[in-house]
2 protein chains.
Amino acid sequence: MPNSSEGQSVRRDAIRQLLQKRPAATQKSLVEALVERGFVATQSSVSRDLREIGAIKTAGGYALPRAAAAGDEELAQVADLLVDLKSAGPNLLVIRTETGAAQRVALALDRCKWPEIVGNVGGDDTVFTATASAAAQRNLITRIGHATSRHWQLLHTHRSQM
Amino acid sequence: MPNSSEGQSVRRDAIRQLLQKRPAATQKSLVEALVERGFVATQSSVSRDLREIGAIKTAGGYALPRAAAAGDEELAQVADLLVDLKSAGPNLLVIRTETGAAQRVALALDRCKWPEIVGNVGGDDTVFTATASAAAQRNLITRIGHATSRHWQLLHTHRSQM
DNA sequence: GATATATGCGCATATTTATGCGAGATCATT
DNA sequence: AATGATCTCGCATAAATATGCGCATATATC
């Protein structure tokens, strides 16, 4: 059952966790580790996932870029300020915050330096976050959920594709 | 004419420079760039060089880890304090400094976080720098020379192999 | 200088990684 | 519910990367 059955972002999250624990020597070894954890995936997918995640390959194996790990904390600090989260097309995520907190949230998102985020602008109680693709956006939503320990339910507004 | 005909460190230096300008998409492209600059090398060598240099492969191509670039400046600042430089076996580099400056130099070397350096200790006018191998040591010497814009002539003391 | 040991490198090739393509799958629109 | 646009993913395979081996050269020791 392919397609955006959220399985992808969960798997990528799992990969991030694995990499955080220890670098992975090869993609095959990652596949095996994933299988152990109940995921089904092939080397192909892992290859694509790693690109998407922004992982780097060092002499010691695949690892997360330093910023990727750090980002979570930035966000966690402003978790309480988040109110709502809506997608407006695949390239724009609209985040509602407590009034007056948008700037702070936008700043936190900036500091995360996540590859999914192209850029942010914060108004008063709204942050616009630009994403490169629908996939990146989905991913981002999962990551925000993860970092804020909150389950965001995404009510898509009309998906005006373009 | 293979072997430690210092060609290796020079080539690795060239690779570092290339990577500093822009990431390299593939090793083949690096080989070509090297050839353009008058080097002779195969993909095999470049593969080994990259490992040695500590380069990482990102989605954008091969690049130097941030520290690698930064290190040079650290060292440049203490360049004047260096007096002499001798190897004592493949694993130990003995650096003479102005009196009282050894600590400072050792600190700078630490901060470089170069992969060639296993560790440093600074006394009063002498720094001991541990290297993992003869190759690493040669490499290190070139890099120090490069960073300090100085040509160190290495009088080896007896090379007690072991 | 002769011998022993360690090292650099290219070649050929094994191993690993990336990708074109087609098959489901989902969702918006009509 | 049919149509179409857009995704994800696995397969097969192309492309890229790593490495065992052997020669040539350098270095150490005698």
Side-chain angles (χ1 to χ4, degrees), chain A residues 1-12 15 24-32 34-35 39-53 55-62 87-91 131-139 142 154-162, chain B residues 1-12 24-32 34-35 39-53 55-62 87-91 131-139 154-162:
Chain A
M1 54 96 199
N3 204 5
S4 38
S5 53
E6 79 150 353
Q8 189 188 61
S9 355
V10 183
R11 187 184 62 235
R12 288 184 182 169
I15 293 181
T26 69
Q27 299 184 357
K28 187 146 69 84
S29 73
L30 261 182
V31 171
E32 286 157 10
L34 283 173
V35 168
F39 291 88
V40 192
T42 59
Q43 173 264 323
S44 314
S45 299
V46 171
S47 170
R48 293 187 258 246
D49 287 346
L50 287 172
R51 191 205 350 272
E52 211 60 34
I53 288 176
I56 63 180
K57 188 183 186 183
T58 72
Y62 289 94
S87 140
N91 300 311
T131 48
S133 68
Q137 190 182 70
R138 261 195 301 281
N139 228 257
T142 321
L154 178 57
L155 339 162
H156 333 180
T157 60
H158 264 213
R159 175 88 64 98
S160 66
Q161 193 65 260
M162 83 127 260
Chain B
M1 53 105 198
N3 204 2
S4 41
S5 54
E6 80 148 353
Q8 188 188 62
S9 354
V10 183
R11 186 184 63 237
R12 289 183 181 168
T26 68
Q27 298 184 358
K28 185 145 72 83
S29 73
L30 261 182
V31 170
E32 286 158 8
L34 283 173
V35 168
F39 291 88
V40 192
T42 59
Q43 173 265 322
S44 314
S45 299
V46 171
S47 170
R48 295 187 257 245
D49 286 346
L50 287 172
R51 187 200 0 265
E52 212 60 34
I53 287 175
I56 62 180
K57 188 184 186 183
T58 72
Y62 288 94
S87 138
N91 300 311
T131 48
S133 68
Q137 189 183 72
R138 261 195 301 282
N139 227 257
L154 178 59
L155 339 163
H156 342 174
T157 62
H158 264 211
R159 175 87 64 99
S160 65
Q161 189 68 262
M162 89 120 257

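In the text below, chain A, chain B and the rest are named by the order of the sequence lines, each starting its count at 1. Reckoned from all heavy atoms, side chains included, excluding hydrogens, waters and symmetry mates.
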Contact between Arg51(A) and Ser47(A) at the side-chain level, heavy atoms closer than 4.5 Å - yes or no? no

Would a 4.5 Å heavy-atom cut-off, applied to side chains only, mark Leu30(B) and Leu50(B) as touching? yes

I need the [X] [atom1] to [Y] [atom2] distance, nearest 0.5 Å.
X: Ile53(A); Y: Arg11(A); atom1: CD1; atom2: CZ; value: 9.0 Å
X: Arg48(A); Y: Gln43(A); atom1: CZ; atom2: CD; value: 9.0 Å
X: Arg12(A); Y: Leu34(A); atom1: CZ; atom2: CG; value: 12.0 Å
X: Thr26(B); Y: Tyr62(B); atom1: OG1; atom2: OH; value: 8.0 Å

Per-helix bend value, the helix from dG1(C)-dC30(D) to dT30(C)-dA1(D), C1' rotation axes over five pairs per end, 10° rounding, shows 40°

Should Arg11(A) be listed as having a side-chain N or O under 4.0 Å from OP1 or OP2 of dC9(D)? yes

Nucleotide N/O of nucleotides 18-21 of chain D paired with protein N/O under 3.5 Å:
| residue | atom | partner | partner atom | Å |
| --- | --- | --- | --- | --- |
| dA18(D) | OP2 | Gln27(B) | NE2 | 2.5 |
| dA18(D) | OP2 | Ser47(B) | OG | 2.9 |
| dA18(D) | N7 | Gln43(B) | NE2 | 2.9 |
| dA18(D) | N6 | Gln43(B) | OE1 | 2.9 |
| dT19(D) | OP2 | Arg51(B) | NH1 | 3.0 |
| dT19(D) | O4 | Ser44(B) | OG | 3.2 |

If you take all heavy atoms of Ile56(B) and Ile56(A), which pair is closest and at what distance? CD1-CD1, 3.8 Å

Between Thr131(B) and Gln137(B), what is the shortest heavy-atom contact and its length? OG1-CB, 3.7 Å

To the nearest Å, how far apart are Asp49(A) CG and dT19(C) P? 14 Å

